[in-house]
4 protein chains.
Amino acid sequence: MSGGVAGHRTGRARGLRKVPLSDPARRREVFDVVLALLAEVGYERFTMDLVAQRARASKATLYQRWPSKAELVVDALQEHQQVAAGPEAGSYPDDLRRLLAAWLAGWTERDRGLMLALLEGSRRDPEVARLRRERLSRPLRQAAEAALARARGRGEIPGQVDEELLVELPFALVLTHVLVLDEQPSPELVDRIVDGVLVPLLRGGPGAGRSPAVPAEGSARPSA
Amino acid sequence: MSGGVAGHRTGRARGLRKVPLSDPARRREVFDVVLALLAEVGYERFTMDLVAQRARASKATLYQRWPSKAELVVDALQEHQQVAAGPEAGSYPDDLRRLLAAWLAGWTERDRGLMLALLEGSRRDPEVARLRRERLSRPLRQAAEAALARARGRGEIPGQVDEELLVELPFALVLTHVLVLDEQPSPELVDRIVDGVLVPLLRGGPGAGRSPAVPAEGSARPSA
Amino acid sequence: MSGGVAGHRTGRARGLRKVPLSDPARRREVFDVVLALLAEVGYERFTMDLVAQRARASKATLYQRWPSKAELVVDALQEHQQVAAGPEAGSYPDDLRRLLAAWLAGWTERDRGLMLALLEGSRRDPEVARLRRERLSRPLRQAAEAALARARGRGEIPGQVDEELLVELPFALVLTHVLVLDEQPSPELVDRIVDGVLVPLLRGGPGAGRSPAVPAEGSARPSA
Amino acid sequence: MSGGVAGHRTGRARGLRKVPLSDPARRREVFDVVLALLAEVGYERFTMDLVAQRARASKATLYQRWPSKAELVVDALQEHQQVAAGPEAGSYPDDLRRLLAAWLAGWTERDRGLMLALLEGSRRDPEVARLRRERLSRPLRQAAEAALARARGRGEIPGQVDEELLVELPFALVLTHVLVLDEQPSPELVDRIVDGVLVPLLRGGPGAGRSPAVPAEGSARPSA
DNA sequence: AATGAATGAGCCTTCATTCAT
DNA sequence: AATGAATGAAGGCTCATTCAT
């Protein structure tokens with residue numbers, strides 16, 4: 001009664017014991033379906049029928065565990081959140097490089113769609129909106145702010161720079177690339193953001209921003 | 001009472017003269033309803049019934065002018081976009097300040113929702129996606145790139161700066177504030193972006209870069 | 001203000017004087033459109049919009065002349081009827097051969113569809129049903145009955161033969177081929193009916209049915 | 001009165017226990033409604049709403065079992081068809097007499113309408129057309145052709161007779177009476193067809209044709 | 001606890017018909 | 001007399017949710 005969840009399609013016509021939704025693995029299975037669907041079609045076109053079908057459960061069963069579509073979505077989203085581990089490098093740019101890399105590392109194709117679904121669902125369901133803020137924005141922001149604090153301590157931040165925007169900057173750029181430009185975020189993008197924006201931005205300050213590999217301009221690609 | 005087969009409905013509830021949709025003012029009226037609705041509920045939950053109701057038209061009438069929901073939306077969006085007139089100030093930061101200010105000037109509460117609806121609709125309808133790129137993103141980007149070209153001509157852009165990201169930067173920050181942080185964009189935000197990010201970013205000055213007149217890349221075209 | 005109707009599409013963008021529906025040629029033009037449409041899509045899917053579009057008239061104009069879709073259809077059908085000229089040959093089979101040939105001669109692709117439309121429309125509109133009986137069934141039946149009377153006079157009809165069915169026979173076969181088998185009626189079919197059914201049927205009788213070209217069996221094709 | 005936002009509708013009007021569509025009897029019930037409706041109004045005016053109403057089911061329920069109107073119609077028609085058991089009498093006329101009697105035996109008033117609906121639906125939906133051919137026309141035709149083969153074996157068919165038309169003949173006459181003449185088919189009609197047409201047609205006897213055992217053409221197969 | 005089945009309330013789109021010019 | 005435009009009433013199909021087993 002727990003066994004490897006085994007979500008394959010290997011002709012499970014009849015001979016599969018029904019796994020209750022109370023089983024954590026089964027739950028995860030459902031969440032996977034939910035997240036995949038959200039990413040694929042967005043919040044509004046996400047239907048309980050689709051979930052039931054793909055998760056090989058009946059809608060009634062789903063409704064027994066989650067009282068509404070909104071709650072199922074929120075619950076799935078909640079579980080999904082992986083808090084980025086706080087990095088600690090020697091300089092703000094490098095801290096950010098790691099932070100962003102860690103953030104993007106967990107991204108699959110679907111997270112791009114999830115991002116959109118999250119924004120879309122926020123309008124319909126305040127709970128989704130809260131989740132968006134708490135789970136997506138805040139942790140990253142906090143990690144970035146911690147890095148900022150360290151940088152400030154080291155005197156890396158020029159006085160003229162708006163610190164709040166500085167923190168938002170990298171995420172804003174990634175978001176724009178993902179949402180508006182339909183791009184899949186890449187490690188190169190991280191480097192371009194750090195070397196092409198953050199480093200120059202911090203240069204004027206006391207700490208006179210040191211930057212590891214400075215690739216002049218454009219879509220630089222430090223080959224090592 | 002309760003018999004009566006059909007035929008009641010005391011025509012034209014509020015003494016409103018029938019104004020044809022061909023009338024430009026009436027069209028604008030409908031577009032206003034469409035945009036407001038889009039902003040309120042998003043693309044999927046936007047219904048023709050709602051439009052008809054609010055615009056005091058019949059669905060059939062709407063369908064006479066626009067062959068589908070998608071086309072009505074696209075048409076309304078199209079009409080709505082006012083391309084910001086190309087600013088021309090003495091410095092890149094000031095150019096951008098004007099550009100952003102012009103962009104945000106037309107923003108009402110609803111434009112946040114519109115932005116989201118556009119993103120949402122893009123996934124469902126390729127036509128909406130195309131529109132978003134061509135009519136909404138491109139003009140802004142071009143204006144910003146023109147400003148960049150002039151700045152480059154003046155030697156304002158340090159060589160290390162990633163020019164593409166530089167162009168995206170201000171918009172990305174606005175977008176983030178609007179979409180993710182639920183903020184209404186304000187003139188102060190513009191100033192913070194310009195003074196707290198752009199200016200410091202460009203501080204290195206010409207010396208840090210290369211010769212003043214390098215048209216590097218993009219569709220930049222030095223003023224001749 | 002009458003001129004050759006000229007129903008071509010030769011770029012009649014603007015420069016075409018509006019021809020009133022009172023003009024007989026214009027009426028015929030409309031009827032042509034109606035009949036073509038009926039044949040193409042049947043009675044139910046026939047729409048006033050389609051008529052208006054193809055006839056380059058406005059629906060309101062059509063409604064001015066014909067108070068309803070049903071009446072337009074009926075009127076068009078009425079005009080369309082060409083009464084088959086009564087033939088007069090030396091024998092019943094030859095009479096029928098001519099009669100059927102004359103009937104089918106006027107058939108175009110569209111008449112097959114019209115036949116169906118007529119049956120379909122009969123259910124909805126009693127007037128169409130009446131038309132069907134009066135205009136389609138009766139004239140043919142009368143011509144055939146006249147031929148039968150002559151044949152009877154000549155002693156061509158064996159006593160055992162059911163005369164009513166004998167009259168219906170050829171039409172029934174044509175109808176079946178057209179409606180049920182989706183075939184376009186051909187001159188060969190007429191010969192097969194006359195030589196392969198009528199002639200043998202009359203053989204036993206006093207007149208001992210003479211038949212011009214007797215092609216043994218199957219889909220005979222008298223080459224001359 | 002007139003206030004109340006929603007939620008009235010005193011459930012299940014007539015104390016009808018909810019019987020699932022999976023129940024065969026319930027299915028038959030729905031099919032009865034479908035067939036009756038088709039017969040009454042034809043294919044185009046047949047609506048899912050009407051079916052739902054009369055069958056006391058909800059449209060959504062119907063759509064759960066049948067993915068489209070076309071499929072519901074086809075399914076109902078399919079179930080309805082009872083292939084006439086192959087008769088086997090001593091002579092072709094008697095064989096046909098039985099075949100026709102069996103065919104018409106199941107006919108109710110509504111089958112006339114059904115026939116029309118089938119013809120009508122065939123134009124709109126190829127699936128209906130296929131069904132009509134395969135399920136309705138073919139079985140009859142095959143039974144008739146089998147009878148013909150036996151008759152041929154017995155030397156009943158005069159050589160001059162067009163065998164294909166001979167097979168179609170009785171059905172064509174019935175169809176004409178039913179569809180064009182608005183008659184309800186009666187046992188008398190069968191006798192008139194057999195005695196007044198078939199018998200005289202075959203009177204010439206074997207001598208008029210050729211040797212008794214000529215399997216000429218078609219899918220005829222002399223009884224071993 | 002899981003599920004097959006049912007359903008009210010829409011949603012997009014179309015059609016015959018009527019107005020106002 | 002002709003037409004551009006408007007519209008109530010459907011019609012096919014879908015979705016979140018609830019029953020009954």
Side-chain angles (χ1 to χ4, degrees), chain A residues 17-23 26 44-52 56-65 67-70 72, chain B residues 6-7 9 11-12 17-23 26 44-50 52 56-70 72, chain C residues 17-23 26 44-52 56-65 67-70 72, chain D residues 6-9 11-12 17-23 26 44-52 56-70 72:
Chain A
R17 293 282 136 259
K18 288 174 204 167
V19 180
L21 277 187
S22 44
D23 180 293
R26 180 71 174 119
E44 294 294 341
R45 282 162 67 206
F46 169 101
T47 75
M48 293 302 267
D49 269 291
L50 242 23
V51 178
R56 287 167 197 280
S58 90
K59 275 188 294 179
T61 305
L62 295 177
Y63 272 95
Q64 203 140 15
R65 198 65 48 174
S68 74
K69 162 178 163 174
L72 171 55
Chain B
R9 180 159 305 269
R12 211 142 304 287
R17 290 288 131 254
K18 215 189 283 183
V19 181
L21 275 188
S22 45
D23 181 291
R26 180 72 173 118
E44 294 292 342
R45 281 161 68 210
F46 169 102
T47 77
M48 294 302 266
D49 272 285
L50 240 23
R56 284 170 195 283
S58 87
K59 275 189 292 179
T61 303
L62 296 177
Y63 273 96
Q64 195 141 28
R65 199 68 44 173
W66 297 278
S68 72
K69 163 177 162 173
L72 170 56
Chain C
R17 291 285 135 257
K18 288 173 204 165
V19 181
L21 276 186
S22 44
D23 181 293
R26 180 69 175 121
E44 293 295 341
R45 281 162 70 207
F46 168 102
T47 75
M48 294 302 266
D49 269 290
L50 241 25
V51 178
R56 287 166 197 280
S58 90
K59 275 188 293 180
T61 303
L62 295 177
Y63 271 95
Q64 203 141 15
R65 197 66 48 173
S68 75
K69 162 178 162 172
L72 170 56
Chain D
H8 56 335
R9 178 158 305 266
R12 212 143 304 288
R17 291 289 131 252
K18 215 190 279 184
V19 181
L21 275 188
S22 45
D23 181 291
R26 181 73 173 116
E44 293 293 342
R45 281 161 68 208
F46 169 102
T47 78
M48 294 303 266
D49 273 284
L50 238 25
V51 177
R56 285 169 195 284
S58 87
K59 273 189 295 179
T61 303
L62 295 177
Y63 273 97
Q64 194 142 28
R65 200 67 43 174
W66 297 278
S68 72
K69 161 178 164 173
L72 171 55

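In this text, all values refer to a predicted model and were calculated from it rather than measured experimentally. Below, chains carry the letters A, B, ... as their sequence lines are ordered, and counting in each starts from 1.
The distance from atom CG of Leu21(B) to atom P of dA20(E) is 16 Å, rounded to the nearest whole Å. Distance Asp23(C) CG to dA2(F) C1': 14 Å, rounded to the nearest Å. The interatomic distance linking Leu62(D) (CG) with dG4(E) (P) rounds to 20 Å, in whole Å. What separates NZ of Lys69(B) from P of dC11(E) is a distance of 9 Å, to the nearest Å. Taking atom CD of residue Gln64(B) and atom C1' of nucleotide dG8(F), one finds them 14 Å apart after rounding to whole Å. Between the OH atom of Tyr63(D) and the C1' atom of dA9(E) there is a distance of 15 Å, given to the nearest Å. Put simply, CH2 on Trp66(D) is 16 Å from P on dT14(F), counting in whole angstrom units.
A residue-by-residue look at Ala60(D) and Ala60(B) shows that Ala60(B) has its nearest nucleotide of DNA chain F further toward the 5' end.
The stretch residues 44-52 of chain C does not touch DNA chain F, since none of its heavy atoms comes less than 4.0 Å from the strand.
Residue Leu62(D) comes nearest to Ala57(D) through the heavy atom pair CD2-CB, 4.4 Å, listed as atom of the first residue, atom of the second, then distance. Looking at every heavy atom in both residues, Arg45(B) comes nearest to Leu50(B) through O-CD2, 4.5 Å. In terms of heavy-atom proximity, Arg56(A) sits nearest to Arg26(A) at O-NH2, 3.4 Å.
Residue Thr61(B) places no side-chain N or O under 4.0 Å from the OP1 or OP2 atom of dA5(F). Neither OP1 nor OP2 of dA2(E) sits under 4.0 Å from any side-chain N or O of Arg56(A). In this model, the phosphate group of dA5(E) is approached by a side-chain N or O of Ser22(D) to a distance below 4.0 Å at OP1 or OP2. Neither OP1 nor OP2 of dC12(E) sits under 4.0 Å from any side-chain N or O of Ser68(B).
Judged by distance alone, with hydrogens and angles left aside, Lys59(D) brings a side-chain donor or acceptor within reach of the base of dG10(E), the pair sitting under 3.5 Å.
Atom CD of Glu44(C) is separated from atom CZ of Phe46(D) by 14.0 Å, given to the nearest 0.5 angstrom. In this structure, the separation between OG on Ser58(C) and CE on Met48(C) is 10.0 Å, given to the nearest 0.5 Å. With rounding to the nearest 0.5 angstrom, the NZ atom of Lys59(D) is 8.0 Å from the OG1 atom of Thr47(D).
Using a 4.0 Å heavy-atom criterion, one finds that Arg26(B) contacts no nucleic acid atom at all.
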- Task: Let me have DNA chain E in dot-bracket notation, would you? Count Watson-Crick plus G-U wobble pairs, both distances under 3.5 Å, and use [ ] for pairs crossing earlier ones and | for inter-strand partners.
- Result: .||||||||||||||||||||

